[in-house]
Amino acid sequence: MQELSLNQQVRLAIHQVLAENFSWQGSSDSLVINQTKPEFEGDFTLVLFGLAKTLGSSPDQIGQSVGASLLKKQPALFSAFQVVKGFLNLSIPDKKWIEDFTRTSQNKTSVDTPRPRQRVLVEYSSPNTNKPLHLGHLRNIFLGWSISAILKKMGQSVVKSCVVNDRGIHICKSMIAWQRFGKGATPTTTGMKGDHFVGHYYVLFNDAYKKEVDALVAEGMTKERAEQEAPILKATQEMLLRWEQGDAATRELWKIMNDWVYEGFDQTYQRVGADFDKIYYESETYLLGKTFVEEGLTSGVFFRKPDGSVWIDLTDDGLDEKLVLRKDGTSVYITQDLGLAQQKYDEFAYDQSIYVIADEQNYHMKVLKLILRKLGKPYAEGILHLSYGMVELPTGRMKSREGTVVDADDITQEMVEVARKKTEELGKVQDFTHQELKELYETLALGALKFYLLRVDPKKKMVFNPEESIDFQGFTGPFIQYTHARIRSILRKAGEPLAIPINASLLPKEKELLVLLAQYPAHLHQSAQEQNPSVLANYTYTLAKSFNGFYAEHSVMQAESEEKRYLRTKICQEIAATISEAMALLGIRVPERM
RNA sequence: GGCCCUGUAGUUUAAUGGAUAAAAUAAAAAUUUCCUAAAUUUUAGUUACAGGUUCGAUUCCUGUCGGGGCUACCA
C-alpha cells in the first residue's frame with residue numbers, strides 16, 4: 001500500500017476528528033487546508049468558517065476542539081496548534097518532515113497515477129507553409145510539447161501530432177511571386193534558409209498586390225472592388241484552381257517550394273527541441289470531411305440551401321448558422337477539421353484529443369466540437385481546445401504582412417548571443433571546449449526563451465517587448481539553471497551522504513526547502529489537470545529562489561556538524577533532481593556548470 | 001450590432017472565496033579572505049470605476065469606462 005503524503009495524512013486526521021467530535025458528514029476533499037502564512041506559527045491551516053456554519057458552532061470552539069483532539073490522538077504528527085481569528089494553525093514536528101523527506105526521496109517514482117491510463121493525442125504547431133515560424137508559434141510549440149511531457153509523466157499514453165497547412169491560397173501567393181520575381185533563385189543559390197526564402201516571396205506578393213490595388217484605386221475603382229480585382233490575386237486564384245485539378249506543373253512547383261519550407265522548419269524544430277509522432281498534411285486530408293456532409297444531410301443535422309450550399313443551424317446553441325460546404329461543392333475549413341478529427345480517432349482511438357491553438361479560434365473549436373456532438377460522434381467529448389493567448393508587441397498584434405513579427409530563428413539566435421556575451425563576461429567556464437561552450441549557449445538561450453513563454457498562464461495573452469528582450473536575471477530560466485549548476489558543484493565535492501539523521505532539528509531555511517519539496521507532486525498534478533505548465537514553472541522558480549536563500553545563509557561542506565552536512569547534502573540532491581525533472585517537463589535542459 | 005475574453009506596483013507577471021495582495025524588473029543602497037555574486041539582503045511602490053452576494057471578494061454577480069478577439073462561400 002502506498003503511504004500517504006504529509007498533506008494527505010493531515011487532511012485525513014482532521015476529517016476523522018471532525019466526524020468523531022461533531023458527527024460531521026462532509027467529505028475530506030471539502031476541507032479548506034492551506035499552507036500557514038509565514039507570519040503565523042504552524043505548517044498547515046484549517047479554515048474554520050465554513051465548518052462553523054454547517055456545525056452551528058463558533059469557529060473558535062471548533063478550532064480548539066479539533067486542535068486538542070489532533071494533538072491527543074496523533075502526537076507524532078502534530079506538535080502544537082493555535083486558533084487565530086477563525087483559522088486553526090497546526091504545527092508538524094521537524095522529525096515528521098524529515099521522515100517524509102527521506103521516504104519520498106527513496107521512493108521517487110511515487111508520483112502516483114491513480115487514474116487509468118488514457119490515450120491522449122496532442123496537436124500543436126500547425127503552421128502555414130508560406131512563411132517562417134514566429135514567436136507566437138514558439139509559444140504554441142513549447143506549450144504543446146510541455147503539456148505532452150507532463151501528461152506522459154502522469155502515466156498517460158501521448159501521441160504528438162502536427163498538421164501542416166501545405167495547401168491553399170497562401171502558398172499559391174508565394175508561388176506566384178516566385179514565378180514572377182524569382183528568376184530561378186533557390187535557397188541554395190541565395191544561401192537562405194528555405195522557410196525564410198519562401199516567406200520572402202510571400203512578402204513580395206503582398207507588395208505587388210498592394211501596388212496593383214493602389215493603381216486600380218487611382219483609376220477610380222473602389223478599394224473593395226480593387227482588392228478583389230487585382231490581377232495578381234486573380235492569377236493566384238487561378239493557380240489554386242489548377243492545383244485542385246491536379247495540374248502537373250503547378251503541383252511540381254508546389255512540392256518544390258513546400259520542401260524548401262520543410263527543410264527550414266525541420267531545422268527550427270530540431271533546434272528548439274520540438275518533435276512529432278505523427279504529421280498530417282492538409283493536402284492529404286482536406287477532402288475527408290465531405291463524407292460528413294452526406295451523413296449530416298441524411299440525419300437532418302445539416303440542411304441544403306437553394307443555391308446548393310450546405311449549412312448547420314447552431315442558433316439554438318447561441319451561435320450562428322455555419323457553412324459546411326460551398327455551393328461549388330468544395331469544402332471549407334471546418335469541414336476539413338471534421339474529417340481530420342475522425343481520421344485521428346480511427347488511427348489512435350483517443351480518449352482525449354487536445355488542440356493547442358490560439359484563442360482567436362475559440363469560436364471555431366466550439367463549433368467543431370458541437371457539430372461532432374450533433375452528429376453523434378462518441379469522440380466529440382474528448383476534444384479539448386487548449387486555448388492560449390497570443391503573443392503581442394507593445395504596439396499590438398504581430399502582423400506578418402506588415403513585417404512586425406518576431407521571427408523564431410532570429411529571437412533564438414539573439415538569445416544565444418546574449419548567453420555567449422554573459423558567459424564570456426563572467427569567465428567561469430574558460431576551460432570549456434568549443435563544443436561545450438556551444439552547447440551551453442544553446443541550453444541557456446533556449447532556457448531563457450522557453451521559460452519566458454511558459455511561465456505565464458497559457459490562457460492569458462502576453463506582451464513581448466523587443467527593446468527589453470528576454471532577461472537572464474530574476475524570474476527566468478537561466479536563474480534556475482544557475483541554481484542547478486551551483487548545487488551540482490556542491491555535490492561533485494560532497495559525495496554521497498552516509499546517513500540521514502532522522503532526529504536532527506531543522507533551521508528555518510532547511511525546513512522551507514523540505515516543505516517545498518513535499519509540494520512538488522501536488523504542483524505536478526495541478527499542472528497536468530489544468531494543462532498549465534506555468535504552474536510548474538512558478539513552482540520551480542520558488543524552489544530555486546528558496547535554495548539560493550539557504551545557500552547564502554548556510555554552508556553544506558562546512559556545516560556545523562556531520563549530521564547537518566549529511567542532511568544538507570541530501571537536500572541538495574533532492575533539489576537538484578527536482579529542478580532537473582521539472583525543467584525537463586518544460587523542455588528545458590539544466591547545465592552541470594555555467 | 002451580436003457573442004466571447006480581458007483590466008493587479010512605472011513595466012512584465014503571481015495569488016482552489018480566506019489572514020497585512022506576492023515576485024521579477026526598472027530606481028536607491030549593502031554583501032565576495034567562506035561550497036559559482038547569472039546570487040543574496042534592505043528601501044519605496046499595486047487590485048480601472050460604482051454597486052451587490054458573503055463572516056470574508058483580486059477571485060462570484062450587475063452596471064459604467066478602457067483593451068483585445070470572433071462574427072468569411074479565407075485557413
Side-chain angles (χ1 to χ4, degrees), chain A residues 32-34 36-37 39-40 45 47-50 52-53 59 84-87 89 126 128 130 165 167-171 282 286 305 307-311 318-320 322-334 336-337 358-364 366 387 389-390 392 394 396-397 419 422-423 425-426 428-429 444 448 452 455-457 459-465 468 471-476 478-483 485-494 526 530 534-535 538 541-542 544-545 547-559 568-569 572 593-594:
Chain A
V32 183
I33 300 172
N34 300 326
T36 305
K37 298 269 174 226
E39 55 268 35
F40 298 98
T45 294
V47 181
L48 300 164
F49 297 105
K53 195 166 264 180
V84 187
K85 294 190 295 182
F87 298 91
N89 297 330
S126 303
N128 290 353
N130 61 328
N165 300 310
R167 168 215 85 87
I169 196 80
H170 55 271
I171 180 69
E282 192 195 328
Y286 81 108
K305 286 196 176 178
D307 67 1
S309 58
V310 179
W311 297 71
L319 306 176
D320 304 312
K322 191 83 189 164
L323 178 91
V324 292
L325 196 72
R326 294 191 189 101
K327 65 178 175 225
D328 63 7
T330 57
S331 67
V332 291
Y333 181 38
I334 190 84
Q336 298 172 31
D337 269 358
D359 61 9
E360 62 180 345
Q361 296 203 38
N362 284 354
Y363 178 76
H364 173 79
K366 205 167 160 184
S387 165
M390 302 212 269
E392 294 181 1
R397 207 173 156 166
K422 292 229 175 203
T423 305
E425 274 170 16
L426 292 169
K428 291 179 181 179
V429 288
L444 297 178
Y452 178 83
R455 65 178 202 183
V456 181
D457 185 335
K459 287 192 293 292
K460 300 199 174 176
K461 71 163 195 214
M462 57 186 297
V463 179
F464 171 75
N465 188 344
E468 294 170 5
D471 246 307
F472 277 52
Q473 255 122 24
F475 185 17
T476 67
F479 172 94
I480 298 170
Q481 290 171 319
Y482 173 67
T483 307
R486 271 175 138 189
I487 302 175
R488 294 301 306 163
S489 171
I490 295 174
L491 291 173
R492 275 194 298 275
K493 291 165 188 160
Q526 193 193 341
E530 294 175 7
S534 80
V535 171
N538 278 285
Y541 170 70
T542 307
K545 173 107 183 124
F547 179 84
N548 282 326
F550 162 84
Y551 182 95
E553 204 166 306
H554 305 297
S555 172
V556 176
M557 300 301 290
Q558 312 296 324
R568 287 179 192 164
T569 306
C572 284
R593 291 178 56 197
M594 65 186 271

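Scope of the values below: all heavy atoms of this structure, side chains included, with no hydrogens, waters or symmetry mates. Note that the coordinates shown come from a computational prediction; the quantities given were computed from them, not determined experimentally. Naming convention: chains lettered A, B, ... in sequence-line order (proteins, then strands); numbering from 1 in each chain.
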Over all strands shown, is [X] touching base, sugar-phosphate only, or nothing at heavy-atom distances under 4.0 angstrom?
X      : answer
A:R397 : sugar-phosphate
A:E282 : sugar-phosphate
A:S387 : nothing
A:N89  : base
A:D307 : base
A:F475 : sugar-phosphate
A:N362 : nothing
A:T45  : base
A:Q473 : sugar-phosphate

Quick one: is [X] getting a side-chain N or O under 4.0 Å of the [N] phosphate, OP1 or OP2?
X      : N     : answer
A:K327 : B:C73 : no
A:R326 : B:A75 : yes
A:K460 : B:U12 : no
A:R486 : B:A37 : yes
A:S555 : B:C34 : no
A:K366 : B:C3  : no
A:K322 : B:U71 : no
A:K461 : B:C5  : no

Query raised in the report: Looking at A:F87 versus A:F49, is the centre-to-centre ring distance below 6.0 Å?
Result: yes
Query raised in the report: Looking at A:Y482 versus A:F479, is the centre-to-centre ring distance below 6.0 Å?
Result: no
Give a yes or no on whether the backbone of [Y] and the side-chain of [X] come within a donor-acceptor separation of less than 3.5 Å.
X      : Y      : value
A:N165 : A:S126 : yes
A:D307 : A:S309 : yes
A:R455 : A:F475 : yes
A:R568 : A:S555 : yes

Gap separating the [atom1] atom of [X] from the [atom2] atom of [Y], nearest 0.5 angstrom:
X      : Y      : atom1 : atom2 : value
A:Y452 : A:D471 : OH    : CG    : 9.5 Å
A:T45  : A:I33  : OG1   : CD1   : 9.5 Å
A:T542 : A:I480 : OG1   : CD1   : 8.5 Å

Taking atom [atom1] in both [N] and [M], what distance in whole Å separates the two?
N     : M     : atom1 : answer
B:U20 : B:U12 : P     : 28 Å
B:U11 : B:U59 : C1'   : 24 Å
B:U13 : B:A21 : C1'   : 14 Å
B:G63 : B:U6  : P     : 16 Å
B:U41 : B:C5  : P     : 40 Å
B:G17 : B:C74 : P     : 43 Å
B:G52 : B:A29 : P     : 48 Å
B:A48 : B:A30 : P     : 37 Å

Among [options], find the nucleotide with the atom closest to the side chain of [X].
X      : options             : result
A:Y541 : B:U40, B:A75, B:A24 : B:A24
A:R167 : B:A39, B:G18, B:A75 : B:A75
A:A485 : B:U40, B:U25, B:U36 : B:U36
A:Y333 : B:U71, B:A75, B:G68 : B:A75
A:M557 : B:C73, B:U36, B:C35 : B:C35
A:A552 : B:U40, B:U25, B:A19 : B:U40
A:V456 : B:C73, B:U13, B:U25 : B:U13
A:Y363 : B:C70, B:U12, B:C35 : B:C70
A:K493 : B:C35, B:U13, B:A39 : B:C35
A:T36  : B:A39, B:U16, B:A19 : B:A19

Can you tell me how far [atom2] of [N] sits from [atom1] of [X], to the nearest Å?
X      : N     : atom1 : atom2 : result
A:Q526 : B:A14 : CD    : C1'   : 12 Å
A:Y286 : B:C73 : OH    : P     : 19 Å
A:Y452 : B:A24 : OH    : C1'   : 12 Å
A:D457 : B:U12 : CG    : P     : 16 Å
A:K37  : B:A21 : NZ    : P     : 10 Å
A:I334 : B:C70 : CD1   : P     : 15 Å
A:N538 : B:A23 : CG    : P     : 13 Å
A:E360 : B:U71 : CD    : C1'   : 13 Å

Answer yes or no as to whether [N] has its base stacked against [X], where stacking requires a ring-centre separation under 5.5 angstrom and planes under 30 degrees apart.
X      : N     : answer
A:Y482 : B:A39 : no
A:F40  : B:A19 : yes
A:F87  : B:A19 : yes

Considering every strand shown, what is the Watson-Crick or G-U wobble mate of [N] when both distances are under 3.5 Å?
N     : result
B:U54 : none
B:G66 : B:U6
B:A21 : none
B:U31 : B:A39
B:U16 : none

Query raised in the report: Starting at the 5' end of RNA chain B, which residue's closest nucleotide do you reach first, A:N128 or A:Y551?
Result: A:Y551
**Report entry** Carboxylate-amine/guanidinium contact A:E530 A:K459, below 4.0 Å
**Finding:** no
Query - Chi class for B:U41: syn within 90° of 0, otherwise anti - result: anti
